[in-house]
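Structure first, then comments.
Remember, predicted model here, so these are calculated numbers, not experimental data. In what follows, chains are A, B, ... by sequence order, proteins preceding strands, each numbered from 1. These values consider heavy atoms only, across backbone and side chains, with no hydrogens, waters or symmetry-generated copies.
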Protein chains: 2
Amino acid sequence: MTTASTSAPRWLSDEEQRVWRAYLHATTLLEDHFDRQLQRDAGMPHIYYGLLVQLSQAPRRRMRMTELARNAKITRSRLSHAIARLEKNGWVRREDCPSDKRGQNAVLTDDGLDMLRRSAPGHVEAVRQAMFDRLTDEQVRSLGEIMRALATGLEPEDADADLPWLR
Amino acid sequence: MTTASTSAPRWLSDEEQRVWRAYLHATTLLEDHFDRQLQRDAGMPHIYYGLLVQLSQAPRRRMRMTELARNAKITRSRLSHAIARLEKNGWVRREDCPSDKRGQNAVLTDDGLDMLRRSAPGHVEAVRQAMFDRLTDEQVRSLGEIMRALATGLEPEDADADLPWLR
DNA sequence: TCTATCTAGTTCAACTTTCAAGAAAAGGTC
DNA sequence: GACCTTTTCTTGAAAGTTGAACTAGATAGA
C-alpha cells in the first residue's frame, strides 16, 4: 500500500481478525463448493458458467468481448482463453463485430443455451442450499448491503483513487 | 445437486438474485485486489502468504503438511506444489517428521519470517482499507456471523451430509 | 494526409491448480 | 507374521490464469 510503508501499522483487533478469517474461510469453501458442483454437473468452472449466463441475458445472446470481460470482472486475456474453451465445447461461437473490425462478439449457441437450461435448476438449488437456506431474511439483507459497500471503491473506475492529483 | 434434478426448482427471488450477484462481485474484486497487492509487495499470491502466516503462528514455526492443508482449505496436492515453490524461494523448508516416517513438516525459515515481517504491515493496511474502513461496527459484527453461518455445513466433515445411511 | 496514440483482442511463456495415479509407511485383523 | 485397508505425501499431465508483448484497426491532431 502506498501510504502504509512508513507509518506505524494499524493492526487488526481480535474481533476484526476473527471476522477476516471467517470471511476467508467461508468464501474459500463456497467457491470450492460451486466450482465442484458446476464442474460435475455442467463440465465447467463457476466463472465459465457465469459467462454463459451473461450471454444468455444479453440482447440477441451476444456480447462484445471487452464488455463481457468487464461484467465478469476478468481480464480480456483470461476471457480469450475461456471463450476458446467454450467454443471448443460448442456452447459459444465468435463472430466479427460489424461496426468495429477489431471487435468480436461472443455468441451463445443453441447448444450453450440448452446446457444452461439443463444445469440452471441444479445450480440454483446449490446456491440456495449453501447460502440462502442458512441465513435469516435480515442477514440476507445485511449481506447485500455489506457486499455493495465492499465493492464500492474496488471498482476499476476507482483504480486511481489514491492518485488525487489525477482527478 | 442430488435432490434438485427432478422436483421443480426453487428459483431465487429478485432480492436474493441481487444479493447473490453482489456477493460474487465483491468477493471477486476483493480476491483480485489482495492477490495483486501481495504479488506486488511480497512476490506471491494471497494463498501462499496465508501459508506462511499459519506457519509463523504454529509452535516452533512448523506444521505437518496435512494439518496445514486442512487449515488453509486446500488439497494436499496443491500444498505440495505450493511448498515446493516457497522452498525454492527459501522461505520454507521441508523436514522429516520424527514420529511418522510418512510425514513431513513444513518449516518457516528465518528468511521466510523476515519476508513476513516486511510485508505484514502493508497487507494489514490493505485489508483495513478494503474491508474494515468501509463497514460500520455493526456490519463487521454481522459479517462475522454470516460468514460463520455459511462456513458451517460446508466443512469437509459434512461432505457426506446428504448420505444419511452412512451415519 | 501523415503521424502518433489509443483500443480490441489474441498469443506466448511462466506459473498455479486440479485430478488421477502411485510410493511408502501405518494400522487393523486374522 | 501376512494381508488388507487407510493415511501421508508426491508426481505428472492437463487445464486454467497471469502479465507482457504483439497485431490490427480506430481515433485525434498537425
Partner set under salt bridge (Lys or Arg N to Asp or Glu O under 4.0 Å) for B:Glu16, not counting sequence neighbours
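For B:Glu16 the salt bridge (Lys or Arg N to Asp or Glu O under 4.0 Å) partners, ignoring immediate neighbours, are A:Arg128.
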
Among all residues two or more places apart in sequence or in another chain, which pass the salt bridge (Lys or Arg N to Asp or Glu O under 4.0 Å) test with B:Asp133?
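With neighbours one apart ignored, the set is A:Arg10.
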
Atom pairs under 3.5 Å, N or O on each side, protein against nucleotides 10-12 of chain D: can you list them with distances?
residue, atom, partner, partner atom, Å
D:dT10, OP1, B:Arg94, NH1, 2.3
D:dT10, OP2, B:Ser80, OG, 2.3
D:dT10, OP2, B:Arg94, NH1, 3.1
D:dT10, O5', B:Ser80, OG, 3.4
D:dT11, O4, B:Ser77, OG, 3.0
D:dG12, O6, B:His81, NE2, 2.9

Is A:Val107 isolated, or which residues cluster with it under the ILVMFWY side-chain rule of less than 4.5 Å, directly or via members?
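None, because no other hydrophobic side chain comes under 4.5 Å of this residue.
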
Solution key, residues 112-121 of chain B side-chain donor-acceptor pairs under 3.5 Å, sequence neighbours excluded:
residue, atom, partner, partner atom, Å
B:Ser119, OG, B:Met115, O, 2.7

Taking only residues two or more places apart in sequence, or in another chain, which ones meet B:Glu138 in a side chain to side chain donor-acceptor pair (under 3.5 Å)?
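Only B:Arg141 meet the side chain to side chain donor-acceptor pair (under 3.5 Å) criterion with B:Glu138.
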
Heavy-atom contacts under 4.0 Å between residues 46-62 of chain A and DNA chain C, which residues?
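Result for residues 46-62 of chain A: none.
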
All ring pair (Phe, Tyr, Trp, His ring centres under 6.0 Å) counterparts of A:Phe34, not counting sequence neighbours
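Residues passing ring pair (Phe, Tyr, Trp, His ring centres under 6.0 Å) with A:Phe34: A:His46, A:His123, B:Trp20.
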
Each nucleotide N or O in nucleotides 23-27 of chain D that has a protein N or O under 3.5 Å away: list the pair and distance.
residue, atom, partner, partner atom, Å
D:dG25, N2, A:Arg102, NH1, 2.9
D:dA26, OP1, A:Lys101, N, 3.3

Give the first and the last nucleotide of DNA chain C, reading 5' to 3', that has any atom under 4.0 Å from a heavy atom of chain A.
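Both ends considered, the range comes out as C:dT7 to C:dC19.
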
For residues 89-98 of chain A, which side-chain donor-acceptor pairs fall under 3.5 Å, sequence neighbours excluded?
residue, atom, partner, partner atom, Å
A:Asn89, ND2, A:Arg85, O, 3.1
A:Arg94, NE, A:Glu87, OE1, 3.0
A:Arg94, NH2, A:Ser80, O, 3.4
A:Glu95, OE1, A:Arg62, NH1, 2.8
A:Glu95, OE2, A:Arg62, NH1, 2.6

Could you list all the side chain to side chain donor-acceptor pair (under 3.5 Å) pairs where at least one residue sits in residues 97-110 of chain B, not counting sequence neighbours?
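For residues 97-110 of chain B, and leaving out neighbouring residues, the side chain to side chain donor-acceptor pair (under 3.5 Å) pairs sorted by first residue read B:Arg61-B:Asp110, B:Asp100-B:Arg102.
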
